[in-house]
There are 2 protein chains.
Amino acid sequence: MGRSIATIKDVAREAGVSISTVSSVVNGNKPVSEDLAARVRDAVQRLNFQPNHMARSLHAKRTQTLAYLTPDITNVAFLRTFKAIEATAHARGYSVFLLGTDGSVKTTEEAIDRVIGLRMDGAFFTMSWALAQTELRLHRLADRGIAMVGVSGSYNLPEIDCFLRDEEGGGYQVGDYLARLGHRNILCVGPLSSRAADMRWGGLRTALAAGAGEAKLTMAATEGYTAGAAYDAMQAAIGARAGFSAVVAFNDAIASGALAALADNGIEIPAGVSFVSFGDAHMDFHRPQITSVTFDEEGIAALAANRLIDRIEGIVTAPPAHERLPLKLSIRPSSRRIDS
Amino acid sequence: MGRSIATIKDVAREAGVSISTVSSVVNGNKPVSEDLAARVRDAVQRLNFQPNHMARSLHAKRTQTLAYLTPDITNVAFLRTFKAIEATAHARGYSVFLLGTDGSVKTTEEAIDRVIGLRMDGAFFTMSWALAQTELRLHRLADRGIAMVGVSGSYNLPEIDCFLRDEEGGGYQVGDYLARLGHRNILCVGPLSSRAADMRWGGLRTALAAGAGEAKLTMAATEGYTAGAAYDAMQAAIGARAGFSAVVAFNDAIASGALAALADNGIEIPAGVSFVSFGDAHMDFHRPQITSVTFDEEGIAALAANRLIDRIEGIVTAPPAHERLPLKLSIRPSSRRIDS
DNA sequence: ATGAAAGCGCTAACAA
DNA sequence: TTGTTAGCGCTTTCAT
């Protein structure tokens with residue numbers, strides 16, 4: 001146990017060469033005679049040498065670490081994004097920290113402090129509401145030359161690359177679909193004061209207006225994004241006899257709470273009511289399967305990761321791009337045609 | 001943007017003091033006259049100085065970073081553990097990397113490489129099967145003085161502190177409960193060659209033997225831990241008319257696949273069959289609610305995190321402890337009494 | 001092709 | 001109390 005870790009110096013001594021020669025061999029960036037190179041490789045092997053990352057970073061002023069900030073590390077969609085980001089990052093030699101913000105400004109600030117403190121090279125942001133509140137302080141990162149990109153979420157920050165979802169388009173697809181099935185009274189369950197919600201419900205409303213003369217949209221507002229809140233909101237809506245033939249849930253967590261409330265009231269899907277969700281592919285095994293708006297998390301993640309690293313490494317210097325990636329409506333048996 | 005980041009030197013110049021004075025003020029470990037201290041704090045403020053973590057670590061030979069290795073970063077139970085670990089770690093000044101191993105030896109090795117490469121101070125391991133396979137190579141960490149503790153999972157590694165779950169006790173509770181309800185034919189869905197499975201089914205069997213003279217345990221083996229695999233296994237068991245009155249699922253992912261298969265075959269819970277799961281509290285909103293074995297993830301995580309850090313900081317030097325923390329059976333409406 | 005030496009930003013002896 | 005200085009382990013000129 002006492003055996004201390006081998007340094008480049010130890011390797012140099014062991015191989016009988018200078019430390020700069022060792023460095024050249026290890027990094028393979030400077031020509032070295034085969035003879036010495038072999039001896040160095042040998043010594044590295046014997047001593048189990050691994051370059052000290054701290055020393056390297058200190059010199060390079062780069063740490064090869066990134067951060068992924070997201071409001072809820074428990075949300076499967078974000079996790080899938082993280083995983084994909086990590087894969088790309090690892091492939092390019094970067095490690096990434098998963099930092100939860102709990103959707104609170106304070107925790108977000110702490111996370112940002114951490115990014116700065118650890119001198120991370122870049123950060124991915126889930127473009128959520130709390131983040132937008134923090135926006136003003138994001139310059140702290142920019143000032144220090146820390147690269148940033150936005151993923152998922154709905155807020156577009158003009159200063160940075162953003163790879164977001166076409167929420168409006170997604171909402172439109174849902175509305176269009178429901179309208180075609182003959183639905184005229186739709187209950188939306190989800191948070192009220194969220195940009196994402198505005199866009200989703202907005203798209204929905206547009207489609208309804210276009211496709212189905214008279215249509216009514218009722219809101220069942222949840223406090224926050226939890227299944228519990230959705231359960232309560234749904235119970236309230238049922239109690240109020242809101243009179244709806246279809247329910248649209250803001251996301252899978254919301255969906256699962258709403259579905260539970262529906263079940264507890266003996267309302268069956270799709271017989272009693274049709275159900276659609278903005279899904280995180282969380283509920284593949286729910287029965288009946290839920291029609292939902294899905295998204296290529298992995299694709300967007302790879303895009304974002306490569307862009308961030310390209311910025312860091314100076315490969316891309318163009319002005320920030322703002323992309324809205326398409327959502328797809330996966331139709332499953334949770335909705336049915338009704339007679340008007 | 002071009003503005004480079006302030007170093008301790010800049011602060012020293014700005015405040016008109018020596019760098020060691022700045023250091024003392026920043027770290028508050030050496031007495032400094034109020035006059036100079038104030039000037040330093042001012043300069044720090046003005047220059048927005050934050051000590052360079054790399055430089056610090058280089059000197060300290062400590063990075064204040066930890067790793068949490070787990071087979072599936074998508075599993076809610078592990079994530080909750082991670083979150084709790086992170087909370088404790090942050091409170092004590094450490095950051096933690098979430099590293100997925102996909103339950104594969106190769107990926108686990110890569111994760112270990114990363115731990116070494118980044119010179120992390122310690123690592124949490126989910127004591128899974130793949131990890132046990134890697135066991136022999138874990139000495140690479142030990143050799144370098146990297147602290148380790150095991151959490152969750154079932155494998156006890158004698159060399160390190162382990163905070164595991166009392167799987168057998170959990171299994172026993174399930175068996176006891178089911179036996180009391182009169183069940184004599186029980187189907188177990190889950191992986192076959194897993195230590196955790198052995199222990200869970202073992203406890204179950206013991207309880208059955210103790211409580212219910214003749215009882216039959218049938219295995220529906222899944223390949224891996226996915227809901228998809230469970231769905232297939234359950235379908236097969238139903239097809240084989242295995243004749244069971246109760247199903248016990250290995251975990252929530254398995255449960256969700258099995259439940260889907262049951263539903264697709266028109267078998268209702270608990271009317272058609274009783275259902276119990278080793279749960280990750282993933283399914284609070286499933287209907288009917290599932291009786292399940294639950295666990296205090298947060299508690300174990302805090303325990304493990306504090307222990308790991310205590311080891312790193314030399315606060316604890318006692319020989320490795322091996323604790324098995326109790327599981328609790330949360331009874332919900334998914335099981336019913338049957339007549340024998 | 002090889003090596004000596006100067007930092008990278010910080011901490012901690014050691015002097016003053 | 002304050003300042004000077006020698007590293008921590010590595011990369012990278014710059015000589016040789």
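Fair warning: this is a prediction, and the values are worked out from it, not measured in the lab. Labels below follow one simple rule: chain letters A, B, ... track the order of the sequence lines, proteins then strands, and each chain is numbered from 1.
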| remark: Atom CZ of B:R62 and atom C1' of D:dG9 are separated, to the nearest Å, by 18 Å
| Options D:dG9, C:dT2, C:dA5, nucleotide nearest the side-chain atoms of A:I19 | C:dA5
| Over how many whole Å does the gap from B:Q50 atom CD to C:dC10 atom P extend? | 11 Å
| remark: From CZ of B:R144 across to P of D:dG9 the rounded distance in Å is 13 Å
| field | Worked verdict on B:K9 versus B:E14 for salt bridge (charged side-chain N to carboxylate O under 4.0 Å, His left out) | value | CA-CA 9 Å; B:K9 217 166 163 181; B:E14 177 85 5; over 6 Å; no
| task | Give a yes/no on whether any side-chain N or O of A:S33 is located under 4.0 angstrom from OP1 or OP2 of C:dT2. | result | yes
| A:P51 has a side chain; which of D:dG3, D:dG9, D:dC10 sits nearest to it? | D:dC10
| Side-chain N,O (B:S23) to OP1/OP2 (C:dT11) below 4.0 Å | yes
| message | Are A:F97 and B:F97 an aromatic pair, judged by ring center distance below 6.0 Å? | response | yes
| task | Using only side-chain N and O atoms of B:N52, determine if any of them is under 4.0 Å from OP1 or OP2 of C:dC8. | result | no
| Rounded to the nearest 0.5 Å, how far does CE of B:M148 lie from CD1 of B:I112? | 8.5 Å
| query | According to a strict under-4.0 Å criterion, is A:R56 in side-chain N/O contact with OP1 or OP2 of D:dC10? | reply | no
| Pairwise distance CD(B:E109) to OG1(B:T101) - rounded to 0.5 angstrom | 11.0 Å
| message | Checking A:D102 against B:K83 for the salt bridge (charged side-chain N to carboxylate O under 4.0 Å, His left out) test, could you report, in this order, the C-alpha distance in whole Å, the side-chain angles of both residues, the deciding distance, and whether it holds? | response | CA-CA 11 Å; A:D102 292 338; B:K83 207 171 168 184; 3.6 Å; yes
| request: Using whole Å, report how far CE of A:M54 lies from C1' of C:dG9. | output: 14 Å
| note | Separation between CZ (A:R119) and CD (B:Q50), nearest 0.5 Å, reads 6.5 Å
| query | Just how far, in rounded Å, is P of D:dG7 from CG of B:L58? | reply | 14 Å
| Where the side chain of A:N29 is defined as all heavy atoms beyond and including C-beta, which of C:dC8, D:dC10, D:dT12 is the nearest nucleotide? | D:dT12
| task | May I have the distance from A:I8 (atom CD1) to C:dT2 (atom C1'), rounded to whole angstrom? | result | 14 Å
| B:H53 NE2 to C:dT11 P, straight-line distance once rounded to whole Å | 11 Å
| said: Counting only side-chain nitrogens and oxygens, does B:T21 get under 4.0 Å of the OP1 or OP2 atom of D:dG3? | reply: yes
| N/O donor-acceptor pair, side chain B:H59 with base C:dG9, under 3.5 angstrom | no
| Closest listed nucleotide, where the reference is the side chain of A:K9 and the choices are D:dT11, D:dC8, C:dC10 | D:dC8
| message | Please tell me if A:T7 has a side-chain N or O lying less than 4.0 Å from either OP1 or OP2 of D:dG9. | response | no
| message | With nearest nucleotide decided by heavy atoms, which residue, B:R119 or B:A37, maps closer to the 5′ end of DNA chain D? | response | B:A37
| message | For a quick test of reading the model: is some side-chain N or O of A:K61 closer than 4.0 Å to OP1 or OP2 of C:dG9? | response | yes
| query | Taking NZ from B:K30 and C1' from C:dC10, how many angstroms apart are they, rounded to a whole number? | reply | 13 Å
| Could a donor-acceptor pair under 3.5 angstrom be found where the side chain of A:S20 meets the base of C:dG3? | yes
